[in-house]
Amino acid sequence: MTAPVELGSQLITLMAALMLVVQLFMVVQQMLLTNIRLFAIQSLFLAGIATVIGYAHHATHVYVLAVLTLLGKVLLLPRLLTRLVRRINIIQEIEPLLNAPTSMLLCGGLTLLGYLVARPFTSLERLGNNTLAIAMTLVLTGFFLMFNRRKAITQVLALLTVENGVMLAAVALTTYGMPLVVELGIFFDVMVAVMISGILVYRIRESFASMDTSKLTQLKG
Amino acid sequence: MPSDIILQPATLLTLSLCGYVGGAVAGLLFARHAKLANLLSFSAAALSGVSGLFAALVFLASAAAPLRQIELVPPLNPFVQFTARLDALGAFFLAIVSLIGFGLSVYSLGYAKGFLGRKNIGVLGAFFNMLLLATTLVFLADNAFFFLITWEIMALTAYCLVSFEHERDETRKAGVLYFVMSHIGTGCLILGFLLLFQTSGSYGFDTFHSIGGQMSASRRNAAFLLFLVGFGTKAGIVPLHIWLPAAHPVAPSNVSALMSGVLIKTGIYGMTRTFFEFLGTPPNWWGVTVLTIGTISAVLGVLYALMEHDLKRLLAYHSIENIGIILMGLGAALMFLHTGHGLLASLALIAGLYHTINHAAFKALLFLGAGAVLHTTHTRNMEEMGGLAKRMPTTSFFFLIGAVAISALPPLNGFVSEWLTYQSLLQGFGTTESLIRLMFPLGGAMLALTSALAAACFVKAFGITFLAQPRSHHARQAHEAAPTMLIGQAILTAACVFLGLFPTVFLKLFDPLTEQLIGQQISSQLTVVNGLVLSGIAPNGGTVSTLGISLIALCLVPLPLVLWLLFARGSKTRIGATWDCGLKSLTPQMEYTATGFSKPIRMIFKTLFRPRREVQREYDFSPHFARTIRFEAHVEEIFETRIYRPMRIGILRLSRRIRALQAGSIQAYLIYIFVTLLLLLLFAL
Amino acid sequence: MSLPGILLQTLLLLLLAPLVSGCIKNWKAKLQNRRGPRVWQPYFDILKFLRKDMIISEHASRVFSFAPHVVFLTSLLAGLMVPMVTTQAPLSLFGGMLAVIGLLALGRFFLALGGLDPGSAFGGMGSSREMSLSAIAEPALVLAIFTVAITAGSTDLSRVVAATHGPTLKLLNPAHLMAFAALFIVLLAETGRIPVDNPATHLELTMIHEAMLLEYSGRHLAFMEWGASIKQLVLMTLLVNVFFPIGIATDSSLAALAVSLSAYVLKLLLLSAIIVLVETTNAKLRLFRVPDLLSAAFVLATLALLSTFLFQ
Amino acid sequence: MKLLVPILIAPATAGLACLLVRSRRVMAALGICAFLTTLAMGVRLLREVLAHGAISECYEFFHADALSAWMVLLISTVSLGTSLYAGRYFQRDLAAKIITPGRMREFFVLTPFFAAGMFLVVLSNSLGVMWAAVEATALSSVLLVAIYNRKTSLEAAWKYVILGSLGLGLALLGTVYVYAAACKNQSERLPSFNWSHLMTVADQLDPGLIKLAFVLALVGYGTKAGLAPMHSWLPDAHSEAPSPTSAMLSGVSLKVALYALLRFHILATACLDSAFSRSLLLYRLWAVLYVPRSAVHFGAAQPQTDACLFKPRTRGSDLHRHCDEHIRHHLRRVVAHGLSCTDEASFVHGCRKY
């Protein structure tokens, strides 16, 4: 019976690593639509990890989580965001705060910090080694992505990657995942958050005629 | 049986508190019909003033009465109990607030009619009652929380009363300045009480009793300084006094009388309570600081008062001077406590507190007089008054009594309390060997300078306002104040005369107070010859009896009459014109003015005042035949220009620089949070 | 506190005061080789004023006619508290040095108000200058008295006189000398003598004390003049008896009283001679130079205070 | 004994009812009576809690102790005040055509939910549910901020949403760490995530995890509570929102986030020595005091910005005063939980030091 557990932890580590790679692509990527698709892939990997854990520990509610992530973050949200982008029909993301090479370097640094922070807790993970470190890195790079980009939609996406990072930590750290009621609460909160930001983005688009958040600077000190 | 129930201090006290509450509610309820509101609220205040006064006197007279714990409101949580406690110190100050409250309320019955058309009298009455209630509760509070709450209510109601006539810009500015300064003071008080709380573990005043002993030296000194600044701001000692000459003149006269007479005394009450009861035996430098601050406040207060020709600002500056004199007494008492001279300490304390009630009486009287004058002449500028003695004989008589009292001239109460202060300063010389003892005689000399300058100032104030010819149309049309206003002034004049002529009777009431604070009962040593004569502590200390002086004076009065009968029976008296060096006749413009009167002092103390004068002369063809001449003289208010203005500019510049932090762009905010997160993570590793 | 003592001292005050000012005027004239008025001329002046009619200005209020009585009575009361012939002043129980200063200040207060009341510029100027200068003189006066009181241990004049009267001649003790000098300057300022104020002139620029009396006439002027001379006598007695209590009677036997009376009159005349010398040799100081003189007095008084324990 | 659940249900039903109703007056009345009931229940709850310690309902899901009872009172009084005020406030706006009836209905629907979210935060026992409730309050108030469709209010709402959800993301990570620490030392399957239970087992938790969790919670909930360096969204959001919402936001919702932060603080002090979390809070306090931004805005035109700018500074003192209050409540509650006196004294002493 050890083989599947061994296989499971390798699978989890692989998928977590792939999530990190997708994240780095998003940092570099300029095109809005590809960004959304990258986010969908990342969520897919997260769902994968959840299913593996659910299978390994026979925890039924982790399966629920996997299905929810699959439905919500892989299918529903990306379609909603793409429809939004198409209606506002801006494709190209203009020059971000830091250009690609410097942001990549910074993400490298953040990964290092993620590992440093997560190092004392590696003993905690049952399956897949240092997924916690990856989770912390996802959160930090998501944070960095947020203030690196100007487009409102990318900021929402960055927020969602932070969310993914947190869910990864939850899944990796806790042996059987969090109690179901908490999972549901978190999931729906994220959904509603994205809906609302979608509405706001639409309204901003209407009144500011642009998605560029750097224009939102009237409220000075 | 019923009589002794009524005379019980507790019942009288609750009666007075309910009276104030009733007055406030009546004021608000009947705000629409002004006359009724005026009558109800101020008579309620007067009644509660009387009952408060009796409560205090009965409590003090039955000296042996123990502390009385009165539960006002059921305790909400273990730390905030609204319990009132009537002890000797509280009762003494309760007597002050009730006596002055009684006089002022009677006065306000007439004075408030002046606002009939313009302002809402009901609100004035309501706030007046609330202020009296809050001040009474401040003196009775037995718990730091309750004390701070009532202290805050007092500051707020006083603010509302100061900016009662808020249509004038000057009032609004003064109100804000008062508000900010009193809150700086309250801030220090909160910190001070927190320091005490840390050692005693609870906020009750009984647990704070001589807690100084258990506190570490640095914490005790910190607490002392916090209380000094906190209560000093409310009392108006020199470096923190700038709100006082701004706030008092703009308030309605009965309010400025209440503020000068009673509100600044809460500062003195606070200092006495904390320095003598809470902080235990003081180190030497406490007494020296308080004495120095007192001397400086006294001298500067009177010097700036001399330069004023706005009647109410002049009186406000005099409040600073008298607070200085009170602090000299308290400072000397602290120094004697340090050297262990219990008897002298209680003499100095009695001198300080006796001057507190004296100042409350004559300052309130003077403000009421000024209010009556203001009421008819519609101006505060003395240069536009004059000749009011003939038109307002009774008010001018009362003002004269007040002026004589405040200039510490025998036989009135100012002289008695200053005589006690002199005695304590004199005896103080022998108490220590170090050079500190030089401070006592020099303090005495400064006290003499202050009272002489005060006499000069009040010759100016009385002379220019009441004597000679009226300088303006309003002054010419002036009419005597309403009867209730005169009764109010009469009450306070009677208080001044009684406190002046019969000090020995009043000193017995101090015994429980000195017993509680210093553990000495010395009123027996202070009264000699069947209680008529006041004497200093030392066996051969000087004696004085204002009563004796006035009696002998009465006996000597017939002497001039006898001489007149003997030699001058035939002489007649004629009314003629003042000598005018041959001019047609003396016009009011030729009279001496207030600015002129204080010119010599201004020249003598020019380094302090740095006077500036501008003369603009408009002329058609030759400068010698000027069409109009505009003369303007300024005296520089050094505290304002040297300390407070640079501080304000500095703060504004600092805040403008920090404003850049709120840049407005969301990226910037995100970066702030990101950096904080990174720092914290590194910190947590 | 005996009644005859009070009556005797009052009589003495009333009679001696004009004599002293008369002598000073007479000797000053002699020094300036003028014949000058007779020594008892002030008595005739006072009698004449008492008899003459009075003119009161129409602007003046009742304070104007009340002031002379106050000045006269306060000076008398202060006089009764100062030991002249016996160490125990008649009213010493009712007040010591501080009460004397207070009463004189009360007199000055009403004198200044009387000056302001008629509404003439002279009176205003006189009151303003009188109040300012006396305010500056007060600290020196109190500090000098404090020094003496500290050595004697109390502000009660009779005890102070008894202390300095003791066998050891404390007269040459430096503290007492400096205190005497300070008090002498204050005496000149208070009684309006030459360096501070010119008593003989009616030129408005130079007169301070006289300016306030300008509007008074008849009975009021008599009381004012008399009060002023009594005040001068009181201050001189203070100076003489506190610092040089030679021959003052300790018990009330007739012989002792006679000896102390003659010694007292002699000392008074000696002091008046000094005053006359000072007046003739000095010119009147400009008004704003007077504070420097008075601050000199203050410094002297502080030195006196220091010397009480430095040169002990 | 059903006390806690009705407190949640009352505002929720009022919110739903407002969906169906048309007229402004009825909606306002609904809001007012909802909050009146919660106020009454809050008072009863406080008396009961003061009488005999903490109470919890439907098997530990809801848990109310003195601290939360006090907060329930606070929330219901403030929301009652605002709903009383809101009725008249919108009448004027409607007349002046600043706001469409639809938007106004939005206000009357969302405000009770906003309050219900806050009640849930205060009453919930498990940290996860508490996080979800805080997120719910944040989301429901975002649309309230953006009611006036002006440019500036949209900008404020956007900043509010982004910064808020980011902060809460971090707070969620913190909660996950706490939960991880809870799982580590318990063998049985589903360790309960209830706060009261966690307190009993606090000292056995792994200090490293708790330290990290506290840091993240501090930054997360700190952003929501508007503590110093993370406060920038606060003045914009509060000044742009309609005044009843801004009153609710600054009056209560910041306090609720502070409440959540204090839960972590108590947990952290119970687990680690009190030095760590106290020094962090000290840092927070110092940051609040260091930034005299309230002085910054003496000159600012909008009075509301001034008002809410004072918030952080007063928050500093709030924190201080709150701590005093909370310390007293903790005292009662901690004693109720049977912690030893010395620990509690050091805790109280430690807390008071800063």
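These numbers come from the heavy atoms of this one structure, side chains and all, not from hydrogens, waters or symmetry mates. Just so it is clear: chains get the letters A, B, ... in the order the sequence lines come, proteins before strands, and each one is counted from 1.
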* Structure fact -> Most contact-rich option vs chain C, by heavy-atom pairs under 4.5 angstrom, among B:L467, B:L551, B:L586, B:T593, is B:L467
* Segment of C:R219 engaging chain B (4.5 angstrom heavy-atom cut-off) -> side chain
* For the student: nearest non-hydrogen atoms of C:G114 and C:A67, plus distance -> CA-CB, 4.2 Å
* Asked: Just checking, any donor-acceptor pair under 3.5 angstrom between side chains of B:T595 and B:E383?
  -> yes
* To do: With a 4.5 angstrom heavy-atom cut-off, could you sort out which part of C:F288 is near chain B: side chain, backbone, both or neither?
  => side chain
* Asked: Can a donor-acceptor pair be found between the side chains of C:E190 and C:S134 at a distance below 3.5 Å?
  -> no
* B:F605 atom CZ: more than 12 heavy-atom contacts under 6.0 Å -> yes
* Which atoms of C:L157 come close to chain B, meaning under 4.5 Å heavy atom to heavy atom: side chain ones, backbone ones, both, or neither? -> neither
* Checking heavy atoms, do the side chain of C:F64, its backbone, both or neither come under 4.5 Å from chain B? -> neither
* Heavy-atom distances under 4.5 Å only: say whether C:L14 touches chain B with side chain, backbone, both or neither. => side chain
* **Heavy-atom proximity to chain C below 4.5 Å, by part of B:F597** => both
* **Between C:I150, C:L143, C:D292, C:T74, the one whose heavy-atom pairs under 4.5 Å with chain B are most numerous** => C:I150
* Determine the interplanar angle of the C:F72 and C:W226 rings, folded into 0 to 90°, and report it as parallel if under 30°, tilted if 30 to 60°, perpendicular if over 60°. => tilted
* Given the options B:L426, B:L306, B:V557, which has more heavy-atom pairs under 4.5 Å with chain C than any of the others? -> B:L426
* **Heavy-atom contact with chain B under 4.5 Å, split by part of C:S158** => neither
* **Engaged part of C:T10 at the chain B interface, taking heavy atoms whose separation is under 4.5 Å** => side chain
* Structure fact -> Residue from C:A105, C:S295, C:A135, C:G96 scoring the most non-hydrogen pairs under 4.5 Å with chain B is C:A135
* To do: Tell me, out of C:A301, C:A121, C:G119, C:P68, who's got the most heavy-atom pairs with chain B below 4.5 Å.
  => C:G119
* To do: State whether the side chain of B:R602 and the backbone N or O of B:F609 hold a donor-acceptor pair below 3.5 Å, judged by distance alone.
  => no
* Scan side-chain atoms only and decide if C:S61 and C:D117 contain a donor-acceptor pair under the 3.5 Å cut-off. => yes
* Side chain / backbone / both / neither for C:E215 at chain B, heavy atoms under 4.5 Å -> side chain
* Can you tell which part of B:L559 gets under 4.5 Å to a heavy atom of chain C, answering side chain, backbone, both or neither? => side chain
* Asked: Are the aromatic rings of C:Y216 and C:F49 close, with centres under 6.0 Å apart?
  -> no
* Over 60° means perpendicular and under 30° means parallel, so classify the ring planes of C:F146 and B:Y422, tilted if in between. => perpendicular
* **Pick from C:L287, C:L76, C:I145, C:L47 with the largest number of heavy-atom pairs that fall under 4.5 Å of chain B** => C:L47
* To do: Under 4.5 Å, counting heavy-atom pairs only, tell me which of B:R437, B:K599, B:E418, B:K460 racks up the most with chain C.
  => B:R437
* What residue, out of C:A112, C:S127, C:G123, has the most heavy-atom pairs lying under 4.5 Å from chain B? -> C:S127
* **When B:A452, B:G576, B:G596 are compared by non-hydrogen pairs under 4.5 Å with chain C, the top option** => B:G576
* Which distance, rounded to the nearest 0.5 Å, do you find between the OG of C:S217 and the CD1 of C:I55? -> 5.5 Å
* **Any donor-acceptor N/O pair, B:E480 side chain to B:T394 backbone, under 3.5 Å** => yes
* Asked: How many angstroms lie between CZ in C:R129 and CD1 in C:I208, if you round to the nearest 0.5 Å?
  -> 6.5 Å
* Over all heavy atoms of both residues, which pair between C:L116 and C:G124 is shortest? Give the atoms and the distance, please. => CD2-CA, 3.8 Å
* What part of C:P291 gets closer than 4.5 Å to chain B, counting heavy atoms only: side chain, backbone, both or neither? -> side chain
* Asked: In terms of heavy-atom pairs under 4.5 Å with chain C, which of B:M603, B:Q469, B:E591 leads?
  -> B:Q469
* Proximity breakdown for B:T450 and chain C, heavy-atom pairs closer than 4.5 Å -> neither
* Asked: Hey, mind stepping through B:F462 and B:F466 against ring pair (Phe, Tyr, Trp, His ring centres under 6.0 Å) and telling me if it holds?
  -> CA-CA 6 Å; B:F462 185 79; B:F466 287 94; 5.1 Å; yes
* Asked: Knowing that exactly one of B:I464, B:T587, B:T465 qualifies, which makes a side-chain contact (heavy atoms from CB on, under 4.5 Å) with B:R471?
  -> B:I464
* Structure fact -> Turns out that what part of B:F415 lies under 4.5 Å from chain C's heavy atoms comes down to side chain
* Counting heavy-atom pairs under 4.5 Å to chain C, which of B:I604, B:L442, B:L453 comes out on top? -> B:I604
* Asked: C:A99 versus chain B, heavy atoms under 4.5 Å apart: side chain, backbone, both or neither?
  -> both
* Asked: Are the side chain of B:K390 and the backbone N or O of C:R62 linked by a donor-acceptor pair below 3.5 Å?
  -> no
* What part of C:I56 lies closer than 4.5 angstrom to a heavy atom of chain B: side chain, backbone, both or neither? -> both
* Contact origin within C:M81 toward chain B - heavy atom pairs under 4.5 Å -> side chain
* With chain B, which of C:L80, C:L141, C:L77 has the greatest number of heavy-atom pairs at distances under 4.5 Å? -> C:L77
